[in-house]
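Just dropping this structure here.
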2 protein chains.
Amino acid sequence: MNADSHHQGRRPTMTDVAQRAGVSLKTVSRVVNGVQSVDAQMASRVQEAAEELGYRPNFAAAVLRSGSSTATIGLLIKDLRNEFYATIAAAVADVARANGFQLITSYSGENADDELEAVQDLCRRRVDGLLIVPTSGDHAGLQKEMDLGTPMVFLDRRPEGLDADAVVLDNFAGARAGAGLLLDEGHTRIGILIDTLKMPTMGQRLDGVRQAYADRGLPFDESQVVHNVATPEKAARRMDAILAEEQPPTAFFCGNNRSGVGALRALWAHRRAEPLVCFDDFHLSDLMPRPLTVISYDNYALGALGAELLFRRIRGEDFDPETVVLPTQLSRRGTSTDCPPDPGTASQPTEGIQ
Amino acid sequence: MNADSHHQGRRPTMTDVAQRAGVSLKTVSRVVNGVQSVDAQMASRVQEAAEELGYRPNFAAAVLRSGSSTATIGLLIKDLRNEFYATIAAAVADVARANGFQLITSYSGENADDELEAVQDLCRRRVDGLLIVPTSGDHAGLQKEMDLGTPMVFLDRRPEGLDADAVVLDNFAGARAGAGLLLDEGHTRIGILIDTLKMPTMGQRLDGVRQAYADRGLPFDESQVVHNVATPEKAARRMDAILAEEQPPTAFFCGNNRSGVGALRALWAHRRAEPLVCFDDFHLSDLMPRPLTVISYDNYALGALGAELLFRRIRGEDFDPETVVLPTQLSRRGTSTDCPPDPGTASQPTEGIQ
DNA sequence: GTGAAAGCGCTAACAC
DNA sequence: GTGTTAGCGCTTTCAC
């Protein structure tokens, strides 16, 4: 490491390199970008000078001058600890990489205002496009940013008040089929756990359940619906109460993986095994200690197709706003109820173990 | 939406706003940045003009001129579908947001060359700092970028050939305790599944296991170690073979969550319940259909502490490279072996269900 | 308070 | 092939 390289604060510029190599600025530019032909000897002198100084091109300056793209897309998303979102992010990251783009992952916030602010910040940074898992609320504010030239694709939920590309699930059909499964098994008192109806997806899923009742000419009792179950913990607590009722439901329908996991935990804790249908599959659902049915879909495709759509826009393709609807399917999950043999050697709770 | 706003290609600049408002460029700058005082009437005229034109400040241009920071950090990471990485990313995203920074998430690649390339791209973009979950291989190449002024903090693994901040787990102690648990239960033939030793973490964990044997004066048979178990699927296949041996191990130690999950699946499929210790906790480990022990730790803190360290560097704090070692603990997971009662109403496999 | 001029680091256009 | 000049969109002088 040579002492010249320690600039701490001021990075060497093309001009510095040009001076050191005794050539013009433009020659350095040519060498650095490696497109136009440069005399070999000159080129190597430039390379050497750049190396010695620790020159690193300033990408933003190049973009500014040339008017080229930042080769960056933004993703607005909630919580990466939720595997639904993490899978979307992984898919988007893969597609971005395949296109040689960097990905800025930002928080979509709690409401439409937060979201708009995040979008505007990314627009100031001149991202080439935006993938948004929208919060609830009106998204008309984003129209302006789209008109200004930042294409956007919405994931999981269509934007409200905005005509834009989206990739969504067939929530209605999935929920209808899932609830139908329980109804066809003879259950009519089905406990339904959903997150807030502020999420349009939840409304669609609930509508699907209602339709399953209607399909069979059965009455739907709205009091079966438990609202605002946002976390597994909340779901488990609500389940505790429900299971203590005099006539608890004989089966359960959970609106997403969080409520599903919470319900599973509660049922297990109470040593009950009422049939359960859960919208969203999740890791290790196959090893749950009881059978269950999940409404599954291609989570990765949700992100990947959205990103592909966005890149079509970025490449300048012109087409009417498109909504891709991903199908769902019912999948059996969980283990059967027969126990594994007692190994006799199972480890016992041990001191120092939580 | 007024027609002027549709520029498609050329975004309005401060100069455009200044012209429209009939003021100087500088006045617009003052209004947009809202720091210096401007005549109220002028200001509102500028606001209006900016609004009408759909003006959006060009952040990169401001950074270029002012020499201010890009308020961006980079995260180099592998696969967000792995909850270990996703949790780190979530933590880093939270800390970045708390500091008002944007986060570029990039792929750390398969080897040191990929990684260096990714780092250099982010340096060209002038990120203020980098968080890296390093690939295997030598990282000396990154020294230059650090010297050039981009601070880096390494997560999960210390960089090889580079003296930099890092946040790591106490792999040795954790594995030692975990293997010790099995040995103290009387198991000596323990099957050990690990990913490639190219990952130094795997070496440390294996050393911990060896130490557990040595602690008790027991001989360690290297043939117990199954290498290159990179995925749950591979782990399950290896387990199939192992369980078919004449004298299979009486217990298993898995070097990470992937091999642990694969081993669990295989043991369940074979209706066996040999004790299992797994480095890394994972979602729903509490509902696994049998007991197990995980070597757990604060996964979120791994990312959050790393990001905090990085921001200290970004703020210009000067201190010797620091390595934070996070402790691990043994945690009981899985369900006990008693079965839930047969509900009699469990849903049956149904047509159209996979 | 406001404006004119210069320049951040780079590339496009045009000369040589 | 190479160098010179201008200017991307903005902020920083520094006059007024």
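Letters A, B, ... are given to chains in the order of the sequence lines, protein chains preceding strands, and every chain is numbered from 1. Note that the structure is a prediction, hence the values are computed from the model and not measured.
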Donor-acceptor contact present, side-chain Asp165(B) to main-chain Glu322(B), <3.5 Å:
yes
I'd like to know if the side chain of Arg65(A) and the backbone of Ala62(A) have a donor-acceptor N/O pair within less than 3.5 Å.
no
Exercise: do Tyr107(B) and Asp114(B) side chains pair donor with acceptor under 3.5 Å
no
How does each nucleotide of nucleotides 7-16 of chain D score, in 5' to 3' order, for protein heavy atoms under 4.0 Å: base (B), sugar-phosphate only (S), or none (-)?
BBBBBB----
Any side-chain to backbone donor/acceptor pair from Arg125(B) onto Thr70(A)? Under 3.5 Å, distance only.
yes
Is there a side chain to side chain donor-acceptor pair (under 3.5 Å) between Gln102(B) and Ser106(A)? Walk through the geometry before answering.
CA-CA 7 Å; Gln102(B) 291 287 3; Ser106(A) 197; 3.2 Å; yes
